[in-house]
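What follows is a short report on a single structure.
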Amino acid sequence: MLFSGKALSVQMLDNGIAELKFDLEGESVNKFNRLTVSEFSDALDAIEKAGDIKGLLLTSGKNVFIVGADITEFGGAFSAGPEGIAELMNKNNDNINRLEDLPFPTVVAINGFALGGGFEVCLGCDFRVMGDQAKVGLPEVKLGLIPGWGGTVRLPRVVGVDVAAEWIAAGKEQRPDAALTAHAVDAVVPADKLRGAALKLLERVAAGELDYQKRREIKKSPIPLNDTEALMAFFTTKAFVGQQAGRNYPSPVNAVTSIEQGYKLDRDAALKIEQEQFIASAQTETAKSLVGLFLKDQLVGKVAKGWEKKADKKIERAAVLGAGIMGGGIAYQSAYKGTPIKMKDINQDGIDLGLNEANKLLSKLVERGRMTASKMGEVLNRIEPTLSYDGFDDIDVVVEAVVENPKVKHAVLTEVEGKVSSDTVIASNTSTISIDSLAAPLSRPENFLGMHFFNPVHKMPLVEVIRGEKTSENAIARVVAYANKMGKKAIVVRDCPGFLVNRVLFPYFAGFAMLVRDGADFQQVDKVMERWGWPMGPAYLMDVVGIDTGVHAEQVMAEGFPERMGKTFTAASDVMYEAGRYGQKNGKGFYVYEQDKKGRPKKVATEESYELLKPHVADRREFENDEIIERMMVPMATELARCLEEGIVDSPAEADMALIYGIGFPPFRGGVFAWLDSIGLDNFVKIAEKYSDLGALYEPTAGMREMAASGKTYYGNK
Ligand SMILES: NC(=O)c1ccc[n+]([C@@H]2O[C@H](COP(=O)([O-])OP(=O)(O)OC[C@H]3O[C@@H](n4cnc5c(N)ncnc54)[C@H](O)[C@@H]3O)[C@@H](O)[C@H]2O)c1
C-alpha cells in the first residue's frame, strides 16, 4: 500500500500500475470534503515519490465516483471572503494539476455520478472510461457558482467551446451516450466490465500504444480559435445563456466569461481567470441563497426519511377517491413511481378522464424516448380504475380527492372508513377544509390526516402533510413514506385554515387586491413581481389557479382569520368572478387566453378587465416598483412568521422550502425567511410600519419585533 487514508488509498497492482481508490469512510458517497482534498494531496506526494510507477488508475469504492465538493463546507469558507474562497479552491486545483502533470499516464474508471469536482478530477486524467449507468456533469450553476477546479478550463479544451459552454451553463447531468458523442469520455462499457476495461486501456497507454502526452498538451495550451471564431462563439453564447438564465442568476454568464477570458491562455493562467469568476459568483446573494437552499433541501429530505422510518409498514397498495384533475394526477404519479393504485370515481366519465390524463403524460415520455412502450404499459397496469370499493380492505393509504365540498367529503370519508381495514390510513387532498372538521364524524380519526398535493401533481414537488388534533404518528409516517415513494417533498404541518402554503399565499393576494383597489395596474404588479423572481405575477397566478377556486379559498381564509383577512371591499378577483371570468380554465380572467401555435394558452391583456374594475378602484396611477414589492411581500412574510410562531410549521427551513416547492417562491432568494435575514428584520419592521394604515396584515408579529430589536436572524447567521 503506497497510501492509506480515511477517504482514499493507493496501492500497487501488477506491471507497475498503481490504483488510487476513492472510498470515504462512514459515508454513502465520495465527495471532496477537506479531508478528501488533503488526503488526495498526501497520496500524490506518495505517488510522486514512488519513482517506479508506469501508470495510475483512478477508481471508486462506492456506487458513485465522486458527487462533487462538500457543500456543507461552503458557508464558512464563503463568508471568509475572497481569501477564504481561494483557500478552499487552491489545494484541490493544485491536486488536479499535479495529477495532470504526473510523469506517466492516468486513466479514470467512472462508475457512477462524477459531478462538479468529481468530473473535474476526471478531466485532469488523460483518458476517461465510463460505465453505462454513470453520469457526468458540472452542475455548479445550480448553486449560483461556476466550476472552480478547472472545469471551465479543461472541458472546453476537451470537448470544444460550444459544447462546454452549453454543458456548464445548463448544469445538467450527462448520460454516457451524450458524453461519448461529445468526446468527454473515451469509451462507455457495461458497469461490470468497467474496471477491467480501464485497466487494460491504461496498460496499453503505458506500453506506448496511445499518446497521452499529446492530450495533455491540448489541455494545457490555449484553445486554437481565431478572433472571428471566438467573437462569434462567445458573443452568441453569452447572449443566449444570459437570456436563458435571467438577470437573477449571473453565474452561467460568469462561466462563459471564464472560458472566454481564458481561451487564449495556457492552463495555469486560465485557471487564475476561473478563480476570479468563481470568487465573484460565490460572493453573490444568489449563490448564498442557492447553497443555503441545497442544505435546506437536504434537511427536509432527512426529516421526511425520519418519518418514513417510523412507519409500521411499507406502502404497497394505495387508492384514490375521485378521478378528476387531482385524483388522476395522483394515480399517475403513484403508478409511475411503482405503487399500484385503485382509482375510484362515481361515474365512468370521471374515470375515463383520469386515465386519459395518465395516458397523455406517459405517451409524451415515450415520444421523447424517455420511456419504452412496454414500460408505459406496466405503469398503466398499476392503475386500477373502479366504480366500487371491492378490494379496499387491504389498502395501505387511501387519498380522498373528490369535490371540495364538506358535505360530500364527510359522506365519502365515513363511507370509505367502513370499507377499509382498521389500520388503513385515510388522507384528504382538500385545499381548504379543516382536517379536524373532516375528522369529526370518523370513528378512527387517528388514522386520518391531510395530504395536500399541488396542481399539476406530476410537476409540483410539494406535498403538505397536515396533522390533525387526533392524527397518530404512524398515520403521518405512512403518508410521508408514500409521498417519499412518489418522489415528492413532504413537509409536515399543523391544521389551520389554508394550512401553510395557502395561508400565506392569500395574504399576498390580499396585498395585490389592495394595490389594485388603490389604483395600481395589475399588469404592472405582475411585471414587477416577475422581475423580483416569481414565475408569474399575482394576477396571472390567480388566473392559473382559477378565480372561482381563489375566491372560494379567500372566503375560507376570511372566516378563519377575520381580523386580518376579513373582507372590507370588493376585490379585483370578486369583480372577475362576478363577470364569470374564472381565469385560464374558461379562457378569460384578468387576462384573456388565446392559443399559441403549439396550442398552449397565451395571455393577452385587453381593455375588458380594466373596464370591469373601473367602478371598484381608484384612478389608475404608477406605483414605484419598491412600493409594489413591499406591499405584496409584507403580508406574506408576516403571516409566515406567524405560522412559525404558532407551530404550524416546525422550522424556517421547512417553511422556506414549502413556498419554493409549492408556489415557486424565487429560489435565488432562498425562501421568505432567508430573504428576511438578507434585508434584516429591523429594516423589515420599518418597511412594514410604513404601511400600517393598510391593516393588520401589515403588522409585524411580536416575535419579529423582538428579533428585530435583539438583532436576531431566522437562520442564526448574523
Ligand atoms: N384542482 C386543484 O388545483 C387542486 C389543488 C389541490 C387540491 N385540490 C383539491 O383536490 C380535490 C379534488 O379537486 P379536483 O380539482 O381534482 O376536482 P375535480 O372536480 O376535477 O374532480 C373531482 C372528482 O371527484 C369525483 N367524485 C365526486 N364525488 C365522488 C364520490 N363520492 N366518490 C368518488 N368520486 C367522486 C367526481 O366525479 C370528479 O371526477 C378537492 O378537494 C380540491 O380542493 C385541488
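When a ligand or atom number is given, it counts from 1 through the structure's own listing order.
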Considering the options Glu554, Glu639, Glu464, which one meets the salt bridge (Lys or Arg N to Asp or Glu O under 4.0 Å) requirement together with Arg503?
Glu639
Quick test: of every protein heavy atom, which one is nearest to [atom], and how far off is it to 0.1 Å?
atom                    : answer
atom 21 (O) of ligand 1 : Gly324 CA, 3.3 Å
atom 13 (O) of ligand 1 : Met326 CG, 3.9 Å
atom 39 (O) of ligand 1 : Asp345 OD2, 2.7 Å
atom 20 (O) of ligand 1 : Ile325 N, 3.1 Å
atom 11 (C) of ligand 1 : Val402 O, 3.3 Å
atom 28 (N) of ligand 1 : Ile346 CD1, 3.5 Å
atom 9 (C) of ligand 1  : Asn429 O, 3.3 Å
atom 19 (O) of ligand 1 : Val403 CG1, 4.0 Å

Find out whether the Lys NZ or Arg CZ of [X] is both under 6.0 angstrom from the six-membered ring centre of [Y] and within 45° of the ring's axis.
X      : Y      : value
Lys344 : Tyr389 : yes
Arg669 : Trp534 : no
Lys603 : Tyr540 : yes

Give the C-alpha distance, both sets of side-chain angles, the deciding distance and a yes or no for side-chain hydrogen bond (donor to acceptor under 3.5 Å, both in side chains) between Asp656 and Tyr661.
CA-CA 9 Å; Asp656 277 350; Tyr661 298 143; over 6 Å; no
Numbered atoms and elements of ligand 1 in range of [X], under 4.0 angstrom, heavy atoms:
X      : result
Ser431 : 7 (C), 8 (N), 9 (C), 42 (C), 43 (O)
His452 : 6 (C), 7 (C)
Thr430 : 41 (O)
Asn455 : 1 (N), 2 (C), 3 (O)

Tightest non-hydrogen contact, residues Ala553 and Phe506, listed as CB-CZ, 3.4 Å
Considering all heavy atoms, the nearest Ile395-Thr424 contact
O-OG1, 2.8 Å
Should Lys585 and Asp548 count as an ion pair when the cut-off is N to O under 4.0 Å?
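Yes.
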Lys/Arg-Asp/Glu bridge criterion (N-O < 4.0 Å) met for Arg581, Asp543
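Salt bridge flag = no for Asp543 with Arg581.
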Contact region, Phe454 to ligand 1, non-hydrogen atoms below 4.0 Å, reads neither
Between Val412 and ligand 1, which residue portion shows a heavy-atom distance shorter than 4.0 Å: side chain, backbone, both, or neither?
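Answer for Val412: side chain.
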Out of curiosity, is Glu415 lining ligand 1, as in a heavy atom under 4.0 Å away?
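No, that is not the case, since the closest heavy atom of the residue is not under 4.0 Å from the ligand.
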Heavy-atom contact check, 4.0 Å cutoff: does Lys409 meet ligand 1?
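Yes, that is the case, since the closest heavy atom of the residue is under 4.0 Å from the ligand.
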Any chance you could lay out the side-chain contact (heavy atoms from CB on, under 4.5 Å) test for Leu697 and Val634, step after step, and finish with the verdict?
CA-CA 8 Å; Leu697 277 175; Val634 168; over 6 Å; no
Within a radius of less than 6.0 Å around CD of Glu645, do more than 12 heavy atoms belonging to other residues, nucleotides or ligands occur?
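Yes.
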If you scan the protein for heavy atoms around atom 17 (O) of ligand 1, do you find one that is closer than 4.0 Å?
no
